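A short write-up of the structure that comes next.
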There are 2 protein chains.
Amino acid sequence: MFQTAKQTKVFQDVVEQIQEAIFDGRLTAGQTLPAERELKEMFNISRGTLREALRVLEQKGLIEIKLGVGGGSVVRTVDTDQISESLGLLIRSQKVSLNHLAQFREDVEGIVAAHAAKNHAAEDIRKLKYLLAKAHACVRKGGSHRNMFIDIDKQIHMTIAQITANPVYISVLHSIHDNIHRYYDRFLSMQKPELEENYNDLCDMVDAIENGDDEMARKLAQQHVKRFNQYMKKREEEK
Amino acid sequence: MFQTAKQTKVFQDVVEQIQEAIFDGRLTAGQTLPAERELKEMFNISRGTLREALRVLEQKGLIEIKLGVGGGSVVRTVDTDQISESLGLLIRSQKVSLNHLAQFREDVEGIVAAHAAKNHAAEDIRKLKYLLAKAHACVRKGGSHRNMFIDIDKQIHMTIAQITANPVYISVLHSIHDNIHRYYDRFLSMQKPELEENYNDLCDMVDAIENGDDEMARKLAQQHVKRFNQYMKKREEEK
DNA sequence: TTATTATAATGGTCTAACCATTATAATACT
DNA sequence: AGTATTATAATGGTTAGACCATTATAATAA
């Protein structure tokens with residue numbers, strides 16, 4: 001009949017109050033909270049308790065705590081860092097494997113490409129082609145520019161995600177990329193022939209998007225990611 | 001040429017040490033850490049600093065802190081709560097709207113249903129049909145059992161996600177549902193005719209999965225979710 | 001004008017005590 | 001003997017006040 005009574009922990013109450021102030025606009029991004037010694041008076045709590053609350057808010061990504069004069073707790077713009085971190089924790093605790101993440105990535109990149117095919121502006125295609133030209137330059141220079149190529153590849157995928165204008169896709173893809181690169185880079189083996197193959201995939205994919213062919217864009221994006229995944233698995237097995 | 005030098009903050013070092021101990025198995029889920037007064041000696045730090053570290057680990061979802069005798073910091077099994085929470089923060093800071101999340105959900109449910117169609121065991125279908133029967137009972141009883149129907153609907157979707165055997169889909173869908181219900185329930189308007197419509201959608205979807213027709217399963221899942229979204233938007237506009 | 005140095009504001013850490021919660025053991029009651 | 005009550009002690013939660021470390025800015029010197 002009743003709900004569990006509200007927790008009475010002081011630091012939680014402080015976390016909630018500050019969080020609510022951020023969400024209803026009484027505190028806005030960039031704004032600095034009062035100094036700890038002032039805040040503690042305002043809440044009528046000890047500094048230790050206040051600091052526990054601030055640590056929690058920091059870990060949630062809502063504030064950033066800076067040292068020194070002019071420092072303090074600055075309200076942040078919420079972004080996808082915490083989602084990435086949490087996904088990373090799942091991976092590190094072996095709840096999620098490379099295969100799991102790779103399979104998910106194939107689907108998501110497919111969907112994103114399909115949406116982009118139905119949704120793009122001329123400006124988007126221009127940006128993609130500019131990135132393709134940069135990628136092409138890397139390919140010509142071969143394996144030594146592997147890292148730069150991978151970085152541009154990532155930019156291309158994120159640019160396509162931007163086209164959807166849906167922050168969920170952007171966040172999700174961002175989190176996937178973060179973690180693919182943080183934990184699985186070591187598996188990635190690409191020399192000049194693989195770079196060329198990959199580059200051609202990207203060109204075809206961008207073409208399909210430009211032509212508004214969503215099914216083709218989806219298929220090509222999936223195939224591109226699948227190839228990428230295979231390079232990683234290959235390398236993993238060689239070990 | 002060089003990386004930023006390692007942060008010297010004591011509590012961060014403690015967070016990392018405990019986190020690493022969890023990931024390489026020196027600490028396992030269910031295990032209780034030494035009491036704060038012991039831990040502080042082991043790390044040779046003050047209790048306040050230790051507690052900041054423990055708060056951070058708690059917020060990361062790695063430990064749970066219990067009060068009283070036999071309490072202490074218990075190592076948790078990492079789950080999707082943190083991802084859900086972070087997604088919730090993005091929503092509350094208006095970085096993500098109902099439309100954004102709904103669109104993403106359509107795609108993900110489609111994918112998950114398609115995978116399930118290609119991947120299910122007889123046991124899975126049995127469970128789904130059992131849930132459908134329960135849903136049917138709710139429909140017969142009409143709008144008063146709306147909440148129960150929605151709960152079963154959710155269970156059906158999560159069961160389908162389980163069939164994929166990919167924890168990423170399960171986590172993502174879990175996070176979506178958590179937030180759809182936390183923030184958007186108030187928009188949901190369903191009476192008996194809508195419940196029937198929804199129930200029929202679910203039956204068709206399960207049939208397609210049973211028959212291994214992945215494209216049909218995808219299409220039906222998307223349509224089902226889309227209808228669901230439309231009820232929400234309708235209600236939102238009525239306000 | 002520029003480089004150096006002092007100042008003070010601010011977060012980071014420490015010590016030591018007491019409060020609040022809770023499982024368990026001791027006690028009293030039937 | 002068995003059951004309800006009460007005390008005990010372990011554990012996290014909170015407080016208070018001090019000092020350390022970092023850093024932007026102001027004061028000073030070259």
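Because the structure is predicted, anything quoted here is derived from the model rather than measured. Any value given below was found using the heavy atoms of this structure, including those in side chains, with hydrogens, waters and symmetry copies removed. Convention: sequence-line order gives letters A, B, ...; per-chain numbering from 1.
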| request: Just do the side-chain contact (heavy atoms from CB on, under 4.5 Å) check on A:Thr49 and A:Lys9 with the steps written out, would you? | output: CA-CA 10 Å; A:Thr49 301; A:Lys9 280 181 213 160; over 6 Å; no
| query | 5'-most contact on DNA chain D: B:Gly70 or A:Val69, nearest heavy atom basis? | reply | B:Gly70
| Heavy atoms under 4.0 Å, any strand shown: does B:Leu54 hit a base, just sugar-phosphate, or nothing? |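 Answer is nothing: B:Leu54 stays at 4.0 Å or more from every strand.
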| message | Counting C-beta onward and ignoring hydrogens, is there a side-chain heavy-atom pair between A:His157 and A:Ile152 closer than 4.5 Å? | response |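 Contact flag for A:His157/A:Ile152 side chains = no.
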| Among B:Asp13, B:Val14, B:Val15, which residue meets the side chain to side chain contact (heavy atoms under 4.5 Å, CB included) test with B:Gln17? |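 Considering B:Asp13, B:Val14, B:Val15, a side chain to side chain contact (heavy atoms under 4.5 Å, CB included) with B:Gln17 is found only for B:Asp13.
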Among the candidates [options], find the nucleotide nearest to the side-chain atoms of [X].
X       : options                : result
A:Val10 : C:dG12, D:dT14, C:dT15 : D:dT14
B:Ala35 : C:dT13, D:dG12, C:dC14 : D:dG12
A:Ser46 : C:dA8, D:dA10, D:dT14  : D:dT14

Just how far, in rounded Å, is [atom2] of [N] from [atom1] of [X]?
X       : N      : atom1 : atom2 : value
B:Leu67 : C:dA20 : CG    : P     : 12 Å
B:Lys9  : C:dT10 : NZ    : C1'   : 12 Å
B:Arg51 : C:dA20 : CZ    : C1'   : 12 Å
B:Arg47 : C:dT15 : CZ    : P     : 13 Å
B:Glu36 : D:dG13 : CD    : C1'   : 8 Å
A:Glu52 : D:dG12 : CD    : P     : 12 Å
B:Lys40 : C:dA16 : NZ    : C1'   : 9 Å
A:Lys66 : D:dT22 : NZ    : P     : 18 Å

| Ionic contact status for A:Glu52 with A:Arg55, cut-off 4.0 Å | no
| field | Pair B:Lys60 + A:Glu85, salt bridge at N-O below 4.0 Å | value |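 Here B:Lys60 pairs with A:Glu85 in a salt bridge, since their nearest N and O are under 4.0 Å apart.
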| According to a strict under-4.0 Å criterion, is A:Thr49 in side-chain N/O contact with OP1 or OP2 of D:dT15? | yes
| Do A:Arg37 and C:dG11 have a side chain to base donor-acceptor pair shorter than 3.5 Å? |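 Indeed there is one.
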